[in-house]
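Atom set for the values below is all heavy atoms of this structure, side chains included, hydrogens, waters and symmetry mates excluded.
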Amino acid sequence: MTSDATHTTFGAHSTAGDVLGEIDLTGRTAVVTGGYSGLGRATTLALTRAGARVVVPARRPDDAQRMLAGVGGVEVDQLDLADLASVRTFADRFLRDHPKLDILIANAGVMACPETRVGPGWEAQFAINHLGHYALTNLLWPALTAARTARVVSVASGRDPSWRIRWDDVQFERGYDKWAAYTQSKLANVLFARHLDLLGRPYGVRAFSVNPGWIRTPLQRHLAVEEMVAAGWIDADGTPKPGLFKTAEQGAATQVWAATSPDLDADGGGYCADCRIVVGGDPTESGGDPSDSGAAARLWALSADLTGLGLVH
């Protein structure tokens, strides 16, 4: 991991616009899942302002069109990450219309939802946050490799060493806990990027996971006000705790940095926060986590088995 990747001029208060200030993305194509709301919308706006063509796949395209009305350089398409048939149909359309994909930002997600089953009975947070994006990346692989220098960014969360993949019950069939299921899905995002980078390096595809920080967005829609008050996020009047939350533009900075920074050309697989790599992708380098590599490979194999998809072996 290079020193340039750990010490940048950007930080916790930088915005996506700051990060892209000197970068010209003219001629580049990006896909931003959930790119019409909250953090994703801020990401889409920053990328289009830098000249990129951004495809925004959305479960509710009409809502996406409304939220992005008047924004140039955007295409909205239909995609339900909980439905593998929908993922495949979207990917087929994209590959038909776009010869390459330079940036894929796996931004869409759900947090702490009531127990919900999708597809063949999968737990919704694992299915949407991880498996849907795993499938999407595999199906878009021809376009990613055609770009020769593609970046894939997996939007995770603040990481805690206690997080675990529930290997013996990954779908939470033996008792559902909304927060354990959420943190499992976010750890899966980190491990996904780690192994994808390992597989993608020979093809010019580099991957990162990112913690965008605390941002008030529709992601919290399943949380009662009382729960957020009890957690200390907001007070009884709904006022956020001072200094806790970033703006959407600040939250989008790290994923935009991971997707575009030339300082990262020789890096990959790491976990990033505040526009820095905080856990390296290479376990032999400073900051690397050797335990992640085995877990990442195991998760990749499990995901391939569940979805029937695997790009390279």
Side-chain angles (χ1 to χ4, degrees), residues 1 5 12 16 31-35 37-40 42-43 81 103-113 123-137 151-166 170 178-198 200 206-215 217-220 245-246 248 250-259 261 264 267-281 283 287-289 291-293 295-300 302-303:
M1 182 167 58
V31 168
V32 181
T33 65
S37 176
L39 190 64
T43 299
L81 286 164
I103 297 167
L104 171 57
I105 300 183
N107 167 83
V110 62
M111 181 175 76
C113 61
E123 188 278 313
Q125 296 186 81
F126 188 70
I128 295 168
N129 297 351
H130 169 61
L131 290 174
H133 284 121
Y134 169 89
L136 181 64
T137 304
R151 298 267 180 95
V152 178
V153 179
S154 180
V155 181
S157 183
R159 187 175 180 185
D160 188 293
S162 67
W163 291 4
R164 294 289 182 271
I165 302 294
R166 196 169 172 174
V170 73
K178 67 181 183 181
W179 286 113
Y182 176 70
T183 57
Q184 172 181 259
S185 74
K186 295 289 100 178
L187 176 57
N189 294 155
V190 175
L191 298 175
F192 164 75
R194 168 67 69 91
H195 201 67
L196 175 63
D197 187 77
L198 178 66
R206 306 310 301 259
F208 300 88
S209 59
V210 303
N211 169 19
W214 295 71
I215 305 102
T217 73
L219 184 66
Q220 290 96 37
F245 291 101
K246 295 181 178 183
Q250 290 170 333
T254 300
Q255 58 205 60
V256 169
W257 175 76
S261 174
L264 299 175
D267 289 278
Y271 170 72
C272 309
D274 295 336
C275 300
R276 284 165 172 75
I277 296 177
V278 294
V279 179
D289 185 347
S291 67
D292 274 2
S293 296
R298 184 177 181 182
L299 177 66
W300 192 275
L302 173 64
S303 305

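In this view, Ala180 and Phe172, Asp177 satisfy the side chain to side chain contact (heavy atoms under 4.5 Å, CB included) rule, not counting sequence neighbours. Partners of Asp197 according to the side-chain hydrogen bond (donor to acceptor under 3.5 Å, both in side chains) rule, which considers only residues two or more places apart in sequence or in another chain, are Arg201, Arg206. Residues satisfying the side-chain hydrogen bond (donor to acceptor under 3.5 Å, both in side chains) criterion with Gln125, sequence neighbours excluded, are Tyr176. In this view, Arg166 and Asp169 satisfy the salt bridge (Lys or Arg N to Asp or Glu O under 4.0 Å) rule, not counting sequence neighbours. Evaluation of the ring pair (Phe, Tyr, Trp, His ring centres under 6.0 Å) rule for Phe192 yields Trp300 as partners, not counting sequence neighbours. Annotation: side-chain hydrogen bond (donor to acceptor under 3.5 Å, both in side chains) contacts of Ser209 (sequence neighbours excluded): none. Thr33 is linked by a side-chain hydrogen bond (donor to acceptor under 3.5 Å, both in side chains) to His133, counting only residues two or more places apart in sequence or in another chain. For Ser303, the side chain to side chain contact (heavy atoms under 4.5 Å, CB included) criterion is met by His130, Leu131, Tyr134, Leu299, not counting sequence neighbours. Remark: Ser261 engages Trp257, Asp263, Leu264 in a side chain to side chain contact (heavy atoms under 4.5 Å, CB included) (not counting sequence neighbours).
Looking only at side-chain heavy atoms (C-beta outward), Thr183 and Arg164 stay at 4.5 Å or farther from each other. Side-chain contact between Leu104 and Leu136 is present, with heavy atoms from C-beta onward closer than 4.5 Å. Val210 places none of its side-chain heavy atoms less than 4.5 Å from the side chain of Ser154.
In terms of modelled atom types and a separation under 3.5 Å, the side chain of Asn129 and the main chain of Val110 share a donor-acceptor contact. In this structure, Gln184 contributes its side chain and Val170 its backbone to a donor-acceptor pair below 3.5 Å.
The CD1 atom of Ile165 sits 8.5 Å away from atom CG of Leu302, with the distance rounded to the nearest 0.5 Å.
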Evaluation steps, side chain to side chain contact (heavy atoms under 4.5 Å, CB included), between Phe208 and Arg194: CA-CA 7 Å; Phe208 300 88; Arg194 168 67 69 91; over 6 Å; no

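Between Lys186 and Asp160 no salt bridge is recorded (no basic side-chain N to carboxylate O distance below 4.0 Å).
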